[in-house]
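Computed from a predicted model, the values in this text were never measured in an experiment.
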Amino acid sequence: MSRVSETTQDTPGPRDNDRYDGYVVAIGASAGGLDALERFFQCLPSDSGAAYVVIQHLSPDHKSMMGNLLARHTEMPVVTVTDGMRLEPNRVHLIPPANMMTVLGDALRLSPKNPRGLALPIDLFFTSLAKEFGRHAIGVVLSGTGSDGTRGAVAINDAGGLLLAQDPESAKFDGMPRSVIATGLVDATLSPDDLGPRLIEFINQAPQIKTETSPQGPTFDKDDALDEAMHLLKHQGGINFRDYKPATVMRRIERRMQVRHTPDLHNYVRLLDSDRGELAVLRRELLIPVTSFFRDPDTFEILDQTVIRSIVSERGENQPIRVWVPGVSTGEEAYTLAILFAEAFDRERRWPSFKLFATDVEQQNVEVGGAGVFSEAIAAEISPERLERFFYKRGNHFVVKNEIRQNIVFARHNLLEDPPFTRMDLVSCRNLLIYFRTQAQERALRRIQYALSPGGYLLLGPSETLADLHTDFTAVNSRHKIYRVLRHVSLPLDTATPSRPPTSATGPRQYSPRSRYQSTDAAAIDAGQSILLRDYAPTTLLLNAHGELLHVFGEAARYLRIGEGSATLDIAKLLPQPLVSVAQALLYKCARSGTAMRSDQLGIELPSGERERLRMVVRPYDAPQSERHLLLSFESEPQEIMSRPGMETLDLDDETAQRVENLERELAATRESLQATIEELETANEELQATNEELMASNEELQSSNEELQSVNEELYTVNAENQEKIEILNRLNADLDGMAKAAAIATVFVDAELRLTRFTPEATTLFKIRNGDLGRPIDDFSNLLQYPDFIDELRRTIASGEMLQREIAAANGRIYLARVLPYAVRAGEARGAVSTFVDITSLHDIERLQAVLDSLPEQVAVLDPQGIITQINHSWREAARGAGDPSLSDTGPGAGYERALRLLGPDGEHPRGRDLRAGIRAVLEGDSAGVVVDFTSTDEGAPLLAIHISPIQHHHGGAVLARLDASEWRQGEDDD
């Protein structure tokens, strides 16, 4: 029977009104995990409603850049956890370096990381998350080395949460994913890109199973479907889960329904019937192997002091010690007890025969426990001294040494249905009974009571009791559930509990009269045969070809005995010593010749003290489609046994003498060969002993160093991955900066606090005599074309004051530059450098000069673009616009159309030559005319003296220059003269 946790929580405990009660997704990653984390979060929505916690192996000596890197791949806020920070939905919480993290309520708790011991932060957080959030806990294991996260993942699965793992093929380091997948409890194994959508599906999916409450407990409205599921589980694995508490079974089924997106129980049962893989997964779900070494250390300490030491001190050298651990799961508790007994033997300096039987109903658990290979996570459960004494390191795993493993027998055994073991000094059955119904608990306790020898001890789990058997035991320690048997249960003990098949909807099965008579006749025939065998046939044993007892005919108890030690069916171990050699000879001869054999008359003393004369007869029997069997009969005197045809009487003396002679000859040859071998081995052993001692010392040192280096290596790999990501970002920024500098075509030089050249743009080489190899040299070592004698002094002044300086300067190449000197610092508080830019503004000066030329003309000038929009005007035009009532230039300035301006400034649109003017402007703008002059001068009194000249701009962009000459003022001046 698999061991499960007594602290399992399928739902979170009582919560405050303001406590976070949603899903919490814990993501564990180590070496190679940065890429997986980025891909995981990139495929997650920012409004899933879950809280995310990232636990990594981070170096305590380097600042983590994980927050900045992950923030580039998710819209959720990314924060580094501080002690006491509360979980919030749609937020990513990062573990800080040099810390271990747990969750208490909805608050994240930090504790310093042990710098020397093995740290397993993922296991620690997963376990605490399972305890606090139950089925709302979700564990995700990504790339990493080692096995961190495996133990915690089992706790999450036990609590009813979801467990996901990265596909090892997509992981840069597959140690952690493969380790958690090996537990068989992972709900899905996917690439990082698919893990996020799978997680969201789980959160949004909820099984719909209605329950009703009755005085007897919860009952389900789909009893027929649940009964069918129990039948399928019984049929496949031979385990009757009807003996388990219905609520426990139903919770595990609900969890699988949510994982497989099955809406109701009927559909899930159909899935079980068609998918044997899902049936096997559900079976494992109901038998979760949650256990650990020295679980509840106080209990094992008390057990060692009050029980184990007492058993060892009272036991003689030839008296074996027998211990049974039913429901051993993956073996941790069995090895724990074996370690405690080994330490007790060392203290007493006595090593009696010791055998520990570790049994479980799940064959996979038996195989895992029998291998004795455990992840490095057990270093958190076992002291370093015990690890060194009873384990050795192999890669990322610890292996139990043979001195412990050889004393443990692992076997598949169902406590509720298989016959129990016998003569046990101690039975440890912890956290198993709490999952059984009341009747099954009593049945299991009766079997355990039968298995205990008089005065034997029983260890139960913290939540388990003896129920109605409390009068048969006395408490050694009530708090830690240690008891001693007072009354041994006697036979008959029920050893088979076939499950009653479900009653069909049509009522009980009907039997015909004929079938009832046939059943009665068969029973009568069997009873008659039994009477004949008992009264007239000799006591007979049915044996197989290997001499093992298969069946007994008659009363054989007077001829058989059961000795101390392991139970066996070997006939040589069951017969009294005087009969053993005769029986072996008869069996050997009969098996070889195929004919019946009988012995001479033998006189033996029975266990009751009586003496009896008998003959032993062996007959071969070939069963159909089977190997040969033998019948060994005890024919008691004074019954006269006549020799039957074909039966040979064995001359025991001759046969014994011949066999003894052959055995002595073989023994002499074996002794000579053995002596030579021993001498050679003794010589080699002395040499190997010295070498082994040196290697052990070296191995211990190397093992310690290797553990430290492995831990450091994982942390450095994480740091390296972050640095590689940061370098890639910097490379992109540098490429962007170089591209921007080339596109801007601005001469720029960078200097540090000592005025040493650190960077420059290609355009800077036109002003400074510098090359790529000059980086690192002082800037004043280079000649330049600038007419800027204060350049070096202003660089120093900017670096010292942190203020920007700007001025226009001329250069020897005839160009004019706008020089700017700006301070900059890589980090706050560090020494500043300076960057100088030189922007060529010669064209700006040319434009200013052109504007000055236009402003000097007396004509009113406006520059038009190809669409006739005014882009530039001179001073005379502005003055005319102000005189015309447009001081803001909204109708006559840049941006206005020429037609609006001419309507305001004149000539009037009704003027006879107005049409010619507008036609001429359009012709020039369209490139159909080389220039137009329109004269509006008139001899009439008071008429304006106005002429407009339109010329095309000789440039590929096109456009025109409109010059308006108003000579009215000139004529007025002449008249005044």
Side-chain angles (χ1 to χ4, degrees), residues 818 839-977:
L818 176 64
V839 182
D840 190 343
I841 59 173
T842 306
S843 58
L844 295 179
H845 279 261
D846 293 342
I847 293 174
E848 290 178 357
R849 185 174 180 83
L850 174 60
Q851 184 65 45
V853 171
L854 291 177
D855 290 341
S856 301
L857 294 175
E859 294 88 351
Q860 300 165 12
V861 179
V863 180
L864 309 180
D865 66 7
Q867 285 74 39
I869 303 301
I870 299 173
T871 60
Q872 190 175 359
I873 59 177
N874 68 347
H875 178 72
S876 297
W877 185 284
R878 291 191 192 93
E879 291 299 322
R882 290 189 184 96
D886 185 22
S888 63
L889 303 179
S890 59
D891 292 326
T892 56
Y898 72 88
E899 291 186 357
R900 291 164 53 195
L902 291 178
R903 279 197 298 270
L904 184 62
L905 297 178
D908 191 340
E910 299 299 329
H911 196 281
R913 302 209 60 186
R915 184 177 300 174
D916 296 338
L917 173 63
R918 285 161 177 75
I921 294 175
R922 283 195 297 272
V924 171
L925 291 176
E926 293 172 0
D928 297 332
S929 175
V932 176
V933 176
V934 181
D935 188 0
F936 293 90
T937 303
S938 174
T939 58
D940 297 339
E941 184 67 24
L945 299 177
L946 180 65
I948 297 177
H949 183 263
I950 305 98
S951 301
I953 298 176
Q954 303 300 321
H955 191 268
H956 62 275
H957 285 162
V961 177
L962 187 151
R964 182 174 178 276
L965 179 60
D966 186 354
S968 299
E969 295 181 358
W970 298 352
R971 184 172 63 179
Q972 182 179 356
E974 292 176 355
D975 294 341
D976 293 339
D977 291 340

Side chain of N874, backbone of E859: donor and acceptor closer than 3.5 Å? yes
Rounded distance (nearest 0.5 Å) linking atom CZ of R900 with atom CD1 of I869: 8.0 Å
Taking the side chain as everything from C-beta on, heavy atoms only, tell me whether I873 gets closer than 4.5 Å to L889. yes
Just so I know, are the side chains of V924 and P952 near enough to count as touching, which here means a heavy-atom distance under 4.5 Å? yes
For residues 876-885, which residue pairs qualify under side chain to side chain donor-acceptor pair (under 3.5 Å), counting only residues two or more places apart or in two chains? E879-R882
Nearest non-hydrogen partners of I950 and A960, listed with the distance: CG2-CB, 4.2 Å
Can you tell if the side chain of I921 reaches within under 4.5 Å of the side chain of V932, non-hydrogen atoms only? no
Smallest separation among heavy atoms of S890 and A896, with atom names: O-CB, 3.8 Å
Enclosure of H875 NE2 (heavy-atom neighbours >12, cutoff 6.0 Å): no
Applying side-chain contact (heavy atoms from CB on, under 4.5 Å), can you list everything that pairs with A884, at least two apart in sequence or on another chain? L904, L905
Just so I know, are the side chains of T892 and I870 near enough to count as touching, which here means a heavy-atom distance under 4.5 Å? no
